Protein chains: 2
Amino acid sequence: MAGHELDRAFAALADGTRRDIVSRLTLGDATVGELAAPYDVSLQAISKHIRVLEVAGLVSVTADAQRRRVHLEAAALAGLVRWIERHQRAAEARLSLLEAVLADLDSPTSPNTTPTKGKTS
Amino acid sequence: MAGHELDRAFAALADGTRRDIVSRLTLGDATVGELAAPYDVSLQAISKHIRVLEVAGLVSVTADAQRRRVHLEAAALAGLVRWIERHQRAAEARLSLLEAVLADLDSPTSPNTTPTKGKTS
DNA sequence: GTTGTTTTCAACCGATTGGTTGACAAGGGG
DNA sequence: CCCCTTGTCAACCAATCGGTTGAAAACAAC
């Protein structure tokens, strides 16, 4: 997933209304009107939100007469998870490595390998 | 994770420079100046980015003399993964259910054993 | 073919964003 | 003690964002 794609996808999910729409779409495809119904904002505002989600690749929209069917693209969500988890795991791995080093300093298993600075606190 | 927290976290990651900073921090804590070094923007701009990440809960900043140590909070990334995966899995589950229904309609394996509201398990 | 439904387009508005520069606060090192 | 490094605060600017209203496009239905 390229940088500007991540930009758009994260930005798309940085809005509660759009996350609501994503939640709604996990129950099945819907038209723009159906998606707009729960909100008291204008239909045009929801239409804009859907366009943002579409440009971000999070939903696809297919024409069905004068209606538009909006479909959640779960694969794009998977791309986001990949990015986040890569960094989350890297940070956790580094942390556990640090803890291991600290533990080793605290209780040196092989006494001879303890350099002069090795001190029990 | 509450709505406005998700707002801030997703928005924080919707910027390439801030994602870069998160990547850098997986290698270990860093000062503001160290984080700013690779970029040709002003130090103040990077300082603002770090503040955005901090407000979003993605990093923590501790004072160390006149320097500030910036630390990646992997737990916050985990919160984002939870939100995304919940919806991703819901959508995929619905999709595979739909596929199963369609396959069943296409080739009804045991015509008599399929009740109207059909539950095989 | 006129009417009604669904949705987008276009222009506008106030708030927020990412960037700048200038000033200054907080400390460490000569 | 003086100054130099590190970083934030404050004000400003152009661009983007989420919302509005009004108009029009696309199509079904009568």
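As the structure is a prediction and not an experimental result, all values here were calculated from the model. Just so it is clear, the values below take in all heavy atoms, side chains as well, and ignore hydrogens, waters and symmetry mates. Order of the sequence lines fixes the chain letters, A, B, ..., with proteins taken first and strands second; residue numbering starts at 1 for each chain.
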**Prompt:** When you check the phosphate oxygens OP1 and OP2 of C:dT8, does a side-chain N or O of A:Ser47 lie under 4.0 Å from one of them?
**Reply:** yes
**Fill in**
Rounded to whole Å, the NE2-C1' distance (A:His49 to C:dT7) equals 16 Å
**Ion pair check, A:Glu5 and A:Arg8, cut-off under 4.0 Å** = no
**Complete:** DNA chain D: first to last nucleotide in contact with chain A (atom under 4.0 angstrom from a heavy atom), 5' to 3', is D:dG18 to D:dA28
**Rounded distance in Å - CZ (B:Arg69) to P (C:dA26)** = 21 Å
**Request:** Please answer: with hydrophobic residues joined when any side-chain heavy atoms are less than 4.5 Å apart, are B:Leu72 and B:Val55 in the same cluster?
**Result:** no
**Request:** Would you sort out whether A:Phe10 and A:Ile84 count as a side chain to side chain contact (heavy atoms under 4.5 Å, CB included), showing the intermediate values?
**Result:** CA-CA 11 Å; A:Phe10 278 122; A:Ile84 301 177; 4.0 Å; yes
**Message:** Using a distance-only criterion (donor-acceptor N/O pair, under 3.5 Å, no hydrogens), is the base of C:dG18 paired with the side chain of B:Gln44?
**Reply:** no
**Prompt:** Is B:Leu53 reachable from B:Val70 through a run of I, L, V, M, F, W or Y residues, each pair having side-chain heavy atoms under 4.5 Å apart?
**Reply:** yes
**Asked** Between A:Ala45 and A:Arg68, who's closer to the 5' end of DNA chain D by nearest nucleotide?
**Response** A:Ala45
**Between P of C:dT20 and NZ of B:Lys48, the distance in whole Å** = 9 Å
**Message:** Is there a path of hydrophobic side-chain contacts, each under 4.5 Å between heavy atoms, that joins A:Val41 and A:Leu43?
**Reply:** yes
**Item:** A:Thr62-A:His71 side chain donor-acceptor pair, cut-off 3.5 Å
**Value:** no
**Message:** Can a donor-acceptor pair be found, under 3.5 Å and without considering hydrogens, that links the side chain of B:Arg69 to the backbone of B:Thr31?
**Reply:** no
**Spacing between A:Glu54 atom CD and C:dT7 atom P, to the nearest angstrom** = 14 Å
**Prompt:** Whole-Å distance between C:dT6 P and A:Glu34 CD?
**Reply:** 10 Å
**Fill in**
Rounded to whole Å, the CG-C1' distance (B:Leu43 to C:dG18) equals 15 Å
**Request:** Rounded to the nearest angstrom, tell me the gap between atom CD1 in A:Ile50 and atom C1' in C:dT8.
**Result:** 11 Å
**Request:** Measure the distance from CZ on B:Arg51 to P on C:dG18 and round it to the nearest whole Å.
**Result:** 14 Å
